[in-house]
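Right, one structure below, let's go through it.
Predicted, not measured: the structure shown is a model, and the values here were computed from it.
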Amino acid sequence: AGRLLNQMLAAIGIGRESVYIANIVKCRPPGNRDPQVQEVAACSQYLKAQIRLVAPELIVTVGRVAAQQLLKSTAPIGRMRGRLYELEEERVPVVVTYHPAYLLRSPDQKVKVWNDLKTVHRLLGNSR
């Protein structure tokens, strides 16, 4: 999944060293399960501080958990992707896409992610 993420970024001219990767929670939940509400809440201030310090031009959420938690939504990721969001407090644009691990299991979804990546490329002004 990590190699696929690198390839996805490279496809739009972005090196992995040019991005900041953060997680919704700061430690892996047991059994790699989805984080529970209290775990997300416990880490939310840290994530907000990371976003403020990094001051990103754009946030790309990869996967359902990241998208739903960051955007405070219960919508399925298939309905969330394909449109532009804005992180409320920071006023940062957010693009939702599928997680690379999901794409390894469902390669037929790669065309949707390619469309999401083209959106990212356009929003960044094709400058990378």
Only pairs under 3.5 Å count here: list side-chain donor-acceptor contacts from residues 3-12, not counting sequence neighbours, and write none if there are none.
from	atom 1	to	atom 2	distance (Å)
Asn6	OD1	Arg16	NH1	2.8

Next on the checklist: With a 4.5 Å cut-off on side-chain heavy-atom distances among I, L, V, M, F, W and Y, is there a chain of contacts connecting Leu71 to Val54?
Outcome noted: no
Checklist outcome for this item: Nearest heavy-atom contact between Val62 and Ala66 is O-CB, 3.9 Å
Item to check | Qualifying residues under side-chain hydrogen bond (donor to acceptor under 3.5 Å, both in side chains), relative to Asn32, sequence neighbours excluded | outcome: Arg28
Checklist entry - Any link between Val111 and Met80 through a network of hydrophobic side chains (Ile, Leu, Val, Met, Phe, Trp, Tyr) touching at under 4.5 Å? => result no
Checklist entry - How close do Ala1 and Ala101 get, heavy atom to heavy atom, and via which atoms? => result CB-N, 3.8 Å
Next on the checklist: So Leu47 and Leu70, do their side chains get closer than 4.5 Å, heavy atoms only?
Outcome noted: yes
Item to check | Results of side-chain hydrogen bond (donor to acceptor under 3.5 Å, both in side chains) for Arg79 - residues two or more places apart only | outcome: none
Checklist entry - For the residue pair Ala75 and Ser73, what are the closest heavy atoms and their distance? => result N-OG, 3.0 Å
Checklist entry - Is Ile14 reachable from Tyr20 through a run of I, L, V, M, F, W or Y residues, each pair having side-chain heavy atoms under 4.5 Å apart? => result no
Next on the checklist: Checking Ile77 against Thr97 for the side chain to side chain contact (heavy atoms under 4.5 Å, CB included) test, could you report, in this order, the C-alpha distance in whole Å, the side-chain angles of both residues, the deciding distance, and whether it holds?
Outcome noted: CA-CA 8 Å; Ile77 189 169; Thr97 197; over 6 Å; no
Checklist entry - Does Gln69 have any side-chain hydrogen bond (donor to acceptor under 3.5 Å, both in side chains) partners at least two apart in sequence or in another chain, and if so, which? => result none
Next on the checklist: Check whether Glu90 reaches the backbone of Ile51 with its side chain - one donor and one acceptor, N or O, closer than 3.5 Å.
Outcome noted: no
Next on the checklist: Could you see if Val96 belongs to whatever hydrophobic cluster contains Val65? Use Ile, Leu, Val, Met, Phe, Trp, Tyr and a side-chain cutoff under 4.5 Å.
Outcome noted: no
Item to check | Side-chain touch Pro93/Glu86, heavy atoms, less than 4.5 angstrom | outcome: no
Next on the checklist: If you compare all heavy atoms of Asp116 against all heavy atoms of Gly82, which two are closest, and at what distance to 0.1 Å?
Outcome noted: OD1-N, 3.9 Å
Item to check | Under the side-chain hydrogen bond (donor to acceptor under 3.5 Å, both in side chains) test, residues paired with Tyr46 that sit two or more places apart | outcome: none
Checklist entry - What do the steps show when you test Leu124 against Leu58 for side chain to side chain contact (heavy atoms under 4.5 Å, CB included), and what is the final call? => result CA-CA 8 Å; Leu124 291 175; Leu58 174 71; 4.1 Å; yes
Checklist entry - Say you draw a straight line from CZ of Arg105 to NE2 of His99; how long is it, rounded to the nearest 0.5 Å? => result 9.0 Å
Item to check | Criterion side chain to side chain contact (heavy atoms under 4.5 Å, CB included) on Thr61 and Val95, from CA distance to verdict | outcome: CA-CA 6 Å; Thr61 64; Val95 173; over 6 Å; no
Checklist entry - If Ile, Leu, Val, Met, Phe, Trp and Tyr residues are connected whenever their side-chain heavy atoms lie under 4.5 Å apart, and connections chain through other members, are Leu53 and Ile59 in the same group? => result no
Item to check | Closest non-hydrogen atom pair between Arg81 and Lys112, with its separation | outcome: NH2-O, 3.1 Å
Next on the checklist: Any side-chain to backbone donor/acceptor pair from Ser106 onto Asp108? Under 3.5 Å, distance only.
Outcome noted: no
Checklist entry - Considering residues, nucleotides and ligands other than Glu88, do more than 12 of their heavy atoms fall under 6.0 Å from its CD? => result no
Item to check | Residue pairs involving residues 34-43 (criterion salt bridge (charged side-chain N to carboxylate O under 4.0 Å, His left out); sequence neighbours excluded) | outcome: Arg33-Glu39, Asp34-Arg64
Checklist entry - NZ/Lys48 to SG/Cys43 distance, rounded to the nearest 0.5 angstrom? => result 12.5 Å
